[in-house]
Amino acid sequence: MKTLKIATFNVNGIRARLPNLLAWLERERPDIACLQELKAVDRYFPKADLEAIGYASLFMGQASWNGVAILVRDAEPLEVRRGLPGTEGDPQSRYLEAAAHGVLVGCLYLPNGNPQPGPKFDYKLAWFERLIEHAATLQGSDHPVVLAGDYNVVPTDFDIYNTRSWLKDALLQPQSRECYQRLLQQGWTDALRHLYPNDRIYTFWDYFRQHWQKNAGLRIDHLLLNPTLKPCLKNAGVDAWVRNEAHASDHAPTWIELNTRKLK
DNA sequence: ATGACAGTTCCAAACTGA
């Protein structure tokens with residue numbers, strides 16, 4: 001059976017993380033990989049290193065912060081959109097959309113929003129509203145669509161090891177969660193939670209307080225499927241081994257496998 | 001309440017992240 005593997009990975013600095021990124025791509029061989037937090041301008045994007053292992057790339061960098069990319073194996077991605085509608089004057093590089101292997105892929109890096117309350121939290125919610133508006137135009141498409149990325153939202157208390165030290169954090173605020181629920185209610189499927197409703201699943205473990213060693217994680221990297229794509233969903237998971245490597249990102253790659261025979 | 005760690009930047013103290 002032919003399958004298509006699509007992953008999302010917040011690399012936390014693509015230059016510092018290049019050896020880890022290449023090792024992951026070579027071992028897991030996703031067909032499409034959405035990257036976030038490049039933390040580099042476009043001239044530092046390692047396009048040639050990725051081509052050398054079979055990946056074509058689209059990227060939208062920015063100095064120091066943010067930055068997103070879409071990598072595609074054995075095909076050229078077709079760029080569809082650079083930035084969300086309504087954010088044309090916004091210098092923050094957080095959204096890239098492309099068609100590849102028969103799927104429309106939105107790669108997003110939602111603002112963190114801390115500290116809250118404050119202007120950064122307001123920016124997070126405003127950005128979320130733009131995403132919700134744009135997602136509404138994609139949700140009902142006859143074309144298969146996935147919205148993959150670092151949403152910076154812990155959807156429920158089941159998606160975190162313990163809420164105690166996070167109650168004031170922007171990732172757990174009712175407003176952040178309400179936006180995420182409103183997005184799902186358009187008709188999107190949270191792939192990992194759909195397949196594993198009763199499992200503790202984490203995609204991020206912060207660098208502090210030995211959170212990785214204690215498995216004190218958060219689930220904040222999500223892949224959302226529109227109704228056209230949902231019947232193709234076959235499997236999903238987190239490549240947690242990547243988080244255990246030397247010089248790891250604080251996020252682990254999160255992925256879905258699709259049965260492409262059911263596409264179209 | 002703070003800071004624990006990590007990456008970035010006019011190269012080093014300050015910022016952002018989650």
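Naming convention: chains lettered A, B, ... in sequence-line order (proteins, then strands); numbering from 1 in each chain.
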- Using the test side-chain contact (heavy atoms from CB on, under 4.5 Å), find all partners of A:Q175 that sit at least two apart in sequence or belong to another chain. A:F121, A:L125, A:Q173

- For A:F158, what residues pass the side-chain contact (heavy atoms from CB on, under 4.5 Å) criterion, not counting sequence neighbours? A:T156, A:R193, A:R200

How would you label the contact of [X] with the nucleic acid (heavy atoms, under 4.0 Å): base, sugar-phosphate, or nothing?
X	value
A:D150	sugar-phosphate
A:D221	nothing
A:H211	nothing
A:Y109	sugar-phosphate

Spacing of the [atom1] atoms in [M] and [N] (rounded, Å):
N	M	atom1	value
B:dG3	B:dT8	P	23 Å
B:dA12	B:dA1	C1'	27 Å
B:dC10	B:dA6	P	23 Å
B:dA13	B:dT2	P	23 Å

Going by atom types alone, do [X] and [Y] pair a side-chain donor with an acceptor below 3.5 Å?
X	Y	value
A:T203	A:D221	yes
A:K39	A:N12	yes
A:Y109	A:W65	no

- Salt bridge A:R73-A:D31, side-chain N to carboxylate O under 4.0 Å: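 Judged by the 4.0 Å cut-off on N to carboxylate O distance, A:R73 and A:D31 do form a salt bridge.
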
Atom-to-atom span, [atom1] of [X] to [atom2] of [N] - whole angstrom:
X	N	atom1	atom2	result
A:H251	B:dG7	NE2	P	13 Å
A:N114	B:dC5	CG	P	19 Å
A:K124	B:dT16	NZ	C1'	14 Å
A:R243	B:dA6	CZ	P	9 Å
A:Y44	B:dT8	OH	C1'	11 Å
A:L167	B:dA1	CG	P	12 Å
A:W166	B:dA1	CH2	P	17 Å
A:H247	B:dG7	NE2	P	8 Å

- Task: Could you tell me how the ring of A:H211 sits relative to the ring of A:W166: parallel (under 30°), tilted (30 to 60°) or perpendicular (over 60°)?
- Result: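 Geometry flag for A:W166 against A:H211: tilted rings.
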
- Query: Starting at the 5' end of DNA chain B and moving along, which residue's nearest nucleotide shows up first, A:K120 or A:G13?
  - Reply: A:G13

- Residue pairs passing the salt bridge (charged side-chain N to carboxylate O under 4.0 Å, His left out) test where at least one lies in residues 81-99 of chain A, sequence neighbours excluded: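 Counting only pairs at least two positions apart or across chains, the salt bridge (charged side-chain N to carboxylate O under 4.0 Å, His left out) contacts touching residues 81-99 of chain A are A:E79-A:R82.
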
- Task: Please answer: with hydrophobic residues joined when any side-chain heavy atoms are less than 4.5 Å apart, are A:V146 and A:W188 in the same cluster?
- Result: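 No.
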
- Query: Among residues 202-210 of chain A, which contact DNA chain B at a heavy-atom distance under 4.0 Å?
  - Reply: A:F204, A:Y207, A:F208, A:R209

- Going by heavy atoms closer than 4.0 Å, what residues in residues 15-25 of chain A are next to DNA chain B?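 By residue number: A:R15, A:A16, A:R17.
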
- Message: With a cut-off of less than 4.0 Å, is there a side-chain N or O of A:K39 near OP1 or OP2 of B:dT16?
- Response: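 Negative; the distance criterion is not met.
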
When the side chains of residues 228-242 of chain A are checked against the rest of the protein, which donor-acceptor pairs come out under 3.5 Å, sequence neighbours left out?
residue: A:T228; atom: OG1; partner: A:S141; partner atom: O; Å: 2.5
residue: A:N235; atom: OD1; partner: A:Y196; partner atom: OH; Å: 2.9
residue: A:D239; atom: OD1; partner: A:W255; partner atom: NE1; Å: 2.9
residue: A:D239; atom: OD2; partner: A:W24; partner atom: NE1; Å: 2.8
residue: A:W241; atom: NE1; partner: A:E28; partner atom: OE2; Å: 2.7

